[in-house]
There are 2 protein chains.
Amino acid sequence: MAKVATAHETRAFETDGIPARERLLACAASIFAKRGYAGASMAEIAAEADISKSTVFHHFGSKRALYLAVIETAAQDFAATLETVLEKTGPLDERLVDFQCQHMGHILSNELVTDLVLRELQKSQSTESVHLVRDVLSANFMRLVDFISEAQSQKLLNEALDPSVAALTLISANVFFFQHRKVLKHLPNFDYADRPQPYAKAVIDVIFHGLDRDRSE
Amino acid sequence: MAKVATAHETRAFETDGIPARERLLACAASIFAKRGYAGASMAEIAAEADISKSTVFHHFGSKRALYLAVIETAAQDFAATLETVLEKTGPLDERLVDFQCQHMGHILSNELVTDLVLRELQKSQSTESVHLVRDVLSANFMRLVDFISEAQSQKLLNEALDPSVAALTLISANVFFFQHRKVLKHLPNFDYADRPQPYAKAVIDVIFHGLDRDRSE
DNA sequence: GTCTATAATTCGATAGAC
DNA sequence: GTCTATCGAATTATAGAC
């Protein structure tokens with residue numbers, strides 16, 4: 001009781017209390033990821049966050065809404081990183097390497113939520129969830145496509161290529177690596193299984209320079 | 001009964017009876033894919049193939065073995081296609097487009113088994129299963145890597161790139177498209193959601209020519 | 001089919017901040 | 001005084017056992 005009162009005093013400004021909400025999102029992410037949507041109980045999430053169940057429902061109206069908020073938060077986290085990376089200046093190949101490595105790093109360091117999102121995407125339930133997931137994720141995707149388009153109009157990238165296909169190819173490479181990183185170890189002649197960052201860079205080497213033979217450095 | 005006897009007579013050589021075995025594999029593939037490994041019952045598979053349970057166990061010693069055989073068969077099916085495609089002559093970009101389209105077509109027309117394989121790869125259970133799966137799949141992967149390496153030594157492809165990374169990038173693009181084809185429809189500015197073959201071609205455009213600006217047709 | 005355990009959701013009240 | 005975060009208890013809903 002005394003502890004609760006103390007916690008109240010620590011937040012001085014901001015209309016809605018940030019600490020509890022954030023703690024809640026973090027715990028929810030971990031538990032949803034560990035047990036899946038159905039397997040996770042609001043009671044466990046509340047306990048983990050050291051908050052009463054009712055408070056959870058006060059912040060997020062329902063289990064579903066909490067779940068969506070978890071995913072949305074993860075996407076927005078990456079959106080921030082994305083902005084930082086794409087705003088930089090420098091040679092295009094270096095910026096692409098930077099993007100690819102940051103993206104790889106992001107999905108690996110948030111592996112639980114990444115698994116969650118991938119699982120969610122796979123069951124194509126036409127509920128509100130997927131709609132929102134797609135809306136949220138597509139914002140990041142569009143940001144990357146715009147970046148590529150922009151570079152094309154400035155003649156910095158090959159204009160003949162479809163920017164959305166290029167963007168998706170980049171993302172595919174990272175996601176595939178992420179999903180199968182455990183078994184990739186057993187591919188003969190594949191040196192990158194436990195070196196995600198070098199792999200991300202090698203992918204950009206392929207996609208930026210192209211497989212075509214006429215390379216002159 | 002008469003039909004079965006006839007079938008027996010048609011096979012003159014080969015130690016194990018082919019027609020029943022094939023029918024069995026097809027039914028098993030469909031049922032494993034529909035119900036998952038645990039959910040599938042040997043009784044249902046036997047019934048579907050119009051074969052007695054004992055016959056199933058005669059051909060494949062166990063449920064696990066049947067399951068593995070299904071996956072192995074799918075991989076070998078593709079190995080045949082792969083050989084046909086890679087043996088062709090012609091400009092490298094056309095051959096790569098051919099490969100990418102054939103591969104896309106293969107995973108789409110075998111979508112149930114593809115889902116099965118992908119699910120199997122994701123749970124990295126270190127049992128015999130995964131070992132075999134990896135061995136089988138890696139044969140096809142190596143075939144593609146060898147093809148790229150070969151082309152590189154003949155100066156037909158950019159020698160600076162890692163052939164296994166290039167191969168994996170190709171496969172990643174198709175698999176990602178396959179896994180998320182349902183939700184890709186909802187990406188704004190993405191025209192390929194229901195056009196897998198054009199997408200496969202567009203991916204090769206990107207990976208063959210590269211994002212780099214200095215394209216001179 | 002009822003019974004029961006588990007989990008989601010709602011209600012009413014309290015306390016501190018402005 | 002209103003607003004919002006918080007809680008404990010009460011109320012459905014659902015899934016599995018018998």
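Labels below follow one simple rule: chain letters A, B, ... track the order of the sequence lines, proteins then strands, and each chain is numbered from 1.
- Note that the NE2 atom of B:His106 and the CG atom of B:Asp77 stand 5.5 Å from one another [nearest 0.5 Å].
- Under the 4.5 Å side-chain criterion, counting only non-hydrogen atoms from C-beta, A:Val85 is not in contact with A:Arg95.
- Under 4.0 angstrom from either OP1 or OP2 of D:dG8 there lies no side-chain N or O belonging to A:Ser52.
- For A:Glu120 and A:Arg64, the salt-bridge test passes: some basic side-chain N is under 4.0 Å from an acidic carboxylate O.
- For the OP1/OP2 pair of D:dT6 and a distance below 4.0 Å, the side-chain nitrogens and oxygens of A:His59 include at least one atom meeting the criterion.
- Going from atom NZ of A:Lys53 over to atom C1' of D:dA10 covers 11 Å, rounded to whole Å.
- Taking atom CZ on A:Arg21 and atom P on D:dA5, their separation rounds to 9 Å, with Å as the unit.
- When rounded to the nearest whole Å, the span between CZ of A:Phe57 and P of C:dC11 equals 13 Å.
- Within 3.5 Å, a donor on the side chain of A:Ser54 pairs with an acceptor on the base of D:dG8, or the reverse.
- Side chain of B:Asn140 to backbone of B:Phe78: no donor-acceptor contact under 3.5 angstrom is found.
- Taking atom CE on A:Met42 and atom C1' on D:dA13, their separation rounds to 15 Å, with Å as the unit.
- C:dA7 atom C1' lies 18 Å from atom OH of A:Tyr67, rounded to whole Å.
- Taking only side-chain nitrogens and oxygens, A:His58 comes nearer than 4.0 Å to OP1 or OP2 of D:dA5.
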query: ring-ring contact (aromatic ring centres under 6.0 Å, His included) between A:Tyr67 and A:Tyr37: does it pass, once the steps are laid out?
result: CA-CA 8 Å; A:Tyr67 178 69; A:Tyr37 179 76; 4.9 Å; yes
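- Rounded to an integer number of Å, the gap from A:Tyr37 OH to C:dA7 C1' is 11 Å.
- For C:dT9, the base has no donor-acceptor partner in the side chain of A:Lys63 [N/O atoms by modelled type, under 3.5 angstrom].
- At a threshold of 4.0 angstrom between heavy atoms, the contacts of A:Ala40 are confined to the sugar-phosphate backbone, with no base atom among them.
- Atom CD1 in A:Ile31 sits about 11 Å away from atom P in C:dA8, given to the nearest Å.
- Put simply, CZ on A:Arg35 is 15 Å from P on C:dT6, counting in whole angstrom units.
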